[in-house]
Visitor: 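Here you go, one structure.
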Amino acid sequence: MVAVLALVGAPSAAANPPNPLCLDEGELGGAVRAQSDATYRLAYDPARKGTLGALFAPQQRMLREMEEKARAGDVASASRLGTLWSECMLSGIEYAQDKREQAVGFLEFAHAAGNRDAAYHLGMLTAVGLRDGMPSLLRAAPLLIESGRQRAVSNEVLAAADTYAAVLVSRLSHLTAEAFQAAWGATPKRRRTDVLVHYDFCAAQASVEVPPEGMDQAMLEQVLTGPMAGLPTDGLACDARDTPIGLRVPLEIPAA
């Protein structure tokens with residue numbers, strides 16, 4: 001039996017490519033140049049129409065203006081930009097230390113002004129350690145509850161479990177079709193399919209009772225356990241528990 005068992009809406013395992021708006025002009029250019037000099041020249045050749053640089057120039061200009069407003073004390077701009085950067089970080093984008101601190105600073109400024117979206121994203125960053133380097137469910141839960149996106153409960157274990165579930169579901173939404181290729185193996189027909197996943201938070205383990213036809217169960221469970229890596233368990237009282245605490249998630253697996 002599972003002590004806390006929730007059934008959430010099924011996230012899709014297929015995710016869009018990283019949003020170029022996560023990166024400023026220098027970061028985007030550096031990422032393209034890292035692929036090859038030829039790719040960079042094509043992407044930023046001023047003699048060509050429809051290049052990457054030209055395509056995203058308006059958005060980059062908008063972001064620069066938003067950052068200027070946020071620095072000048074505009075709460076809405078600070079919230080929007082802090083939210084964008086925090087969502088990028090939560091999706092796996094790695095920023096330099098100063099940009100992480102700036103994102104957190106914008107969110108803290110907006111949060112102090114009563115912005116609930118800022119409270120939510122501060123909570124998510126706190127849970128995984130991107131706010132201050134110290135992952136914590138207990139410190140994140142009050143922020144998520146304040147945001148209105150997590151239920152208010154009097155039980156500390158339930159609050160910590162809800163926060164863990166929120167972070168886990170967010171990470172699952174960023175799993176790509178490519179992540180499941182090894183689990184499909186040599187299966188000739190790879191249909192989009194659904195699977196019910198059981199997550200044990202304290203054991204950091206995912207399990208499926210019935211894997212999709214043609215999928216290797218051990219490999220599939222390994223992929224599904226990946227999003228639990230590094231998540232804290234403070235507040236879950238794992239050492240004192242006789243029964244597991246976790247989540248049951250219906251997940252859509254795309255055809256790789």
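Just so you know, these numbers come straight off a predicted model, no measurement behind them.
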Visitor: Considering non-hydrogen atoms only, spot the tightest contact between P212 and V195 and give its length.
Guide: CD-CG2, 4.2 Å

Visitor: Is it true that Q205 and H198 share a donor-acceptor pair across their side chains at a distance under 3.5 Å?
Guide: no

Visitor: Does a sphere of radius 6.0 Å around CG in D194 hold more than 12 heavy atoms from other residues, nucleotides or ligands, not counting ones at 6.0 Å or beyond?
Guide: yes

Visitor: Do you see a donor-acceptor pair shorter than 3.5 Å between the side chains of E67 and Q102?
Guide: yes

Visitor: Would you confirm whether R192, through its side chain, and P254, through its main-chain N or O, come within 3.5 Å as a donor-acceptor pair?
Guide: no

Visitor: Applying the side-chain contact (heavy atoms from CB on, under 4.5 Å) criterion to L143, which one of H121, M124, R131, R116 satisfies it?
Guide: R131

Visitor: Counting distance only, does the side-chain N/O of E221 pair as donor-acceptor with the main-chain N or O of V208 below 3.5 Å?
Guide: yes

Visitor: Between E108 (side chain) and A103 (backbone), is there a donor-acceptor pair under 3.5 Å?
Guide: no

Visitor: If you define the side chain from C-beta out and look only at heavy atoms, does anything of L172 sit under 4.5 Å from Y199?
Guide: yes

Visitor: Let me confirm one number: the CG-CD distance from L125 to E87, rounded to the nearest 0.5 Å.
Guide: 10.0 Å

Visitor: Quick one: closest heavy-atom pair of A141 and A159, and the distance?
Guide: CB-O, 4.0 Å

Visitor: Are V167 and I145 connected, step by step, through hydrophobic side chains (Ile, Leu, Val, Met, Phe, Trp, Tyr) whose heavy atoms are closer than 4.5 Å?
Guide: no

Visitor: Just say parallel, tilted or perpendicular for the rings of Y95 and W85, cut-offs at 30° and 60°.
Guide: perpendicular

Visitor: Does any non-hydrogen side-chain atom of D117 lie less than 4.5 Å from one of S79?
Guide: yes

Visitor: Does any non-hydrogen side-chain atom of L23 lie less than 4.5 Å from one of I93?
Guide: yes

Visitor: Has the side chain of S170 got a donor or acceptor atom that lies under 3.5 Å from a matching backbone atom of A166?
Guide: no

Visitor: So, do F180 and L224 sit near enough that their side-chain heavy atoms are less than 4.5 Å apart?
Guide: yes

Visitor: I'd like to check L63 versus L84 (side-chain heavy atoms, cut-off strictly below 4.5 Å). Are they in contact?
Guide: yes

Visitor: Counting only N and O atoms by type, is there a donor-acceptor contact under 3.5 Å from the side chain of D234 to the main-chain atoms of S136?
Guide: no

Visitor: Looking at T225 and A206, would you say the former's side chain and the latter's main chain have a donor-acceptor pair under 3.5 Å?
Guide: yes

Visitor: Quick one: are W184 and M219 in side-chain contact, heavy atoms under 4.5 Å?
Guide: no

Visitor: Give a yes or no answer on whether the side chain of D162 reaches the backbone of Q150 with a donor-acceptor pair at less than 3.5 Å.
Guide: no

Visitor: Is the shortest heavy-atom distance from the side chain of R139 to the side chain of D132 under 4.5 Å?
Guide: yes

Visitor: Just by distance, do the side chain of S86 and the backbone of T83 share a donor-acceptor pair under 3.5 Å?
Guide: yes

Visitor: My understanding is that only residues two or more places apart in sequence, or in another chain, count here; which of them pass salt bridge (Lys or Arg N to Asp or Glu O under 4.0 Å) with E27?
Guide: K99

Visitor: Taking only residues two or more places apart in sequence, or in another chain, which ones meet R64 in a salt bridge (Lys or Arg N to Asp or Glu O under 4.0 Å)?
Guide: E25

Visitor: In sequence, state the C-alpha distance, the side-chain angles, and the governing distance for D200 and L247, and then conclude on side-chain contact (heavy atoms from CB on, under 4.5 Å).
Guide: CA-CA 7 Å; D200 183 333; L247 182 72; over 6 Å; no

Visitor: For Q217, I'd like to know if atom CD has over 12 heavy atoms of other residues, nucleotides or ligands within 6.0 Å.
Guide: yes

Visitor: Just so I know, are the side chains of Q181 and E178 near enough to count as touching, which here means a heavy-atom distance under 4.5 Å?
Guide: yes

